[in-house]
Amino acid sequence: MAVEGGMKCVKFLLYVLLLAFCACAVGLIAVGVGAQLVLSQTIIQGATPGSLLPVVIIAVGVFLFLVAFVGCCGACKENYCLMITFAIFLSLIMLVEVAAAIAGYVFRDKVMSEFNNNFRQQMENYPKNNHTASILDRMQADFKCCGAANYTDWEKIPSMSKNRVPDSCCINVTVGCGINFNEKAIHKEKIGGWLRKNVLVVAAAALGIAFVEVLGIVFACCLVKSIRSGYEVM
């Protein structure tokens, strides 16, 4: 029995939210993959809070997409079991996202500390390993930074000559621009600070998505109630 009256509007709004969930799922997967690539470039070892967070984000994104598909099928067919399943799984996803957002906020300093320590470790291999040098050069150019904290980090590398930083530290990169450099001509941004700021952005985004999911749960429960009432009438 098809839903009637106001439930048609609820069903339409649920479709809109399901499309939003699919978009959010793709966004979460993209953010998680991007964060994983950034962290993997510093070769962080072990299962630490910082290295596990992108994996959680990707997993939640994939699961959200599958749950949105179940919700779409349930709403289309007005299937009681599918809608109940959708509401339960969406509730679980919401709880995981809230937990991930809280973890991102609580461990933001830990993530930055891990990132900085590993970045400094790789800096020591910069003059000796071309692959490591290429990774660090790309990161410094992309994130407009110089060293983990600032350019003075490079002064602590024994094999680097004094008054020299990698050319990728320069605002306008040219061959040899890092030799006898001018402080005004190199980047001042902290790469750890960039990561810390974006961890907070991801945490805020997760909370925002969770709020939208609450609406999805409410609409799904309303539709479930309407479908159940239809079965009882029949």
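- In this model, a donor atom of one side chain and an acceptor atom of the other lie less than 3.5 Å apart for Asp137 and Ser168.
- Among all heavy-atom pairs drawn from Leu82 and Asn79, the shortest one is N-OD1, 2.9 Å.
- In the hydrophobic clustering of this structure, Ile179 does not group with Leu136; members are Ile, Leu, Val, Met, Phe, Trp, Tyr whose side-chain heavy atoms approach within less than 4.5 Å, directly or through other members.
- In this structure, Phe65 has its ring center at least 6.0 angstrom away from the ring center of Phe21.
- Here the closest heavy-atom approach between residue Cys76 and residue Lys11 is recorded as O-NZ, 4.0 Å.
- Of all heavy-atom pairs spanning Ile171 and Lys184, the tightest one is CD1-O, 3.6 Å.
- Residue pairs meeting the disulfide (SG to SG under 2.5 Å) criterion with at least one partner in residues 154-184, sequence neighbours excluded, are Cys146-Cys169, Cys170-Cys177.
- Taking the charged nitrogens against the carboxylate oxygens, Lys156 and Glu124 have no contact shorter than 4.0 Å, which rules out a salt bridge.
- The neighbour count for Arg120 CZ, taken as heavy atoms of other residues, nucleotides or ligands under 6.0 Å away, is above 12.
- Listed here is the closest heavy atom pair of His187 and Gln140: CD2-O, 4.2 Å.
- In this structure, Leu28 CG and Leu64 CG are separated by 6.5 Å, a value rounded to the nearest 0.5 Å.
- The hydrophobic clustering, which links ILVMFWY residues whose side-chain heavy atoms are closer than 4.5 Å, places Leu215 and Ile93 together.
- Surrounding OH of Tyr15 are more than 12 heavy atoms belonging to other residues, nucleotides or ligands, all under 6.0 Å away.
- Here the side chains of Val224 and Tyr80 are in contact, with some heavy-atom distance below 4.5 Å.
- At least one side-chain heavy atom of Met83 sits less than 4.5 Å from a side-chain heavy atom of Leu14.
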Go through the steps for Ile29 and Val33 under the test side-chain contact (heavy atoms from CB on, under 4.5 Å), then give the verdict.
CA-CA 6 Å; Ile29 294 171; Val33 170; 4.2 Å; yes
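- Using a 4.5 Å cut-off on side-chain heavy atoms (C-beta onward), Phe219 and Leu223 make no contact.
- Residues Leu17 and Ile88 share a single hydrophobic cluster, defined by chaining ILVMFWY side chains whose heavy atoms lie under 4.5 Å apart.
- You'll find the side chain of Ile157 stays beyond 4.5 Å of the side chain of Tyr126, heavy atoms only.
- Scanning both residues, Ala68 and Leu18, for their nearest heavy atoms gives O-CD2, 3.6 Å.
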When you look at Val26 and Cys22, which way does the side-chain contact (heavy atoms from CB on, under 4.5 Å) test go after all the steps?
CA-CA 6 Å; Val26 173; Cys22 289; 5.7 Å; no
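- Side chain of Gln122 to backbone of Thr132: no donor-acceptor contact under 3.5 angstrom is found.
- Taking 4.5 Å as the limit, every side-chain heavy atom of Arg164 sits out of range of all side-chain heavy atoms of Glu155.
- Taking hydrophobic clusters as Ile, Leu, Val, Met, Phe, Trp and Tyr residues chained together by side-chain heavy-atom distances below 4.5 Å, Ile217 shares a cluster with Phe63.
- For the pair Cys72 and Phe86, the minimum side-chain heavy-atom distance is 4.5 Å or more.
- Residues Asp142 and Met139 are not in side-chain contact: their nearest non-hydrogen atoms beyond the backbone lie 4.5 Å or more apart.
- With a 6.0 Å radius and a threshold of 12 heavy atoms from other residues, nucleotides or ligands, Asn182 has its CG atom above the threshold.
- With values rounded to the nearest 0.5 angstrom, Cys24 atom SG is found 11.0 Å from Leu19 atom CG.
- Checking side-chain atoms of Ser134 against main-chain N and O of Asn130 turns up no donor-acceptor pair under 3.5 Å.
- Residues Leu90 and Met94 fail the side-chain proximity criterion, which asks for heavy atoms closer than 4.5 Å.
- Taken from CZ in Phe181 to CD1 in Ile186, the straight-line distance is 4.5 Å, to the nearest 0.5 Å.
- Proximity of a side-chain donor or acceptor of Asp167 to a complementary backbone N or O of Val175 within less than 3.5 Å is not detected.
- No donor-acceptor pair closer than 3.5 Å links the side chain of Asn125 to the backbone N or O of Lys128.
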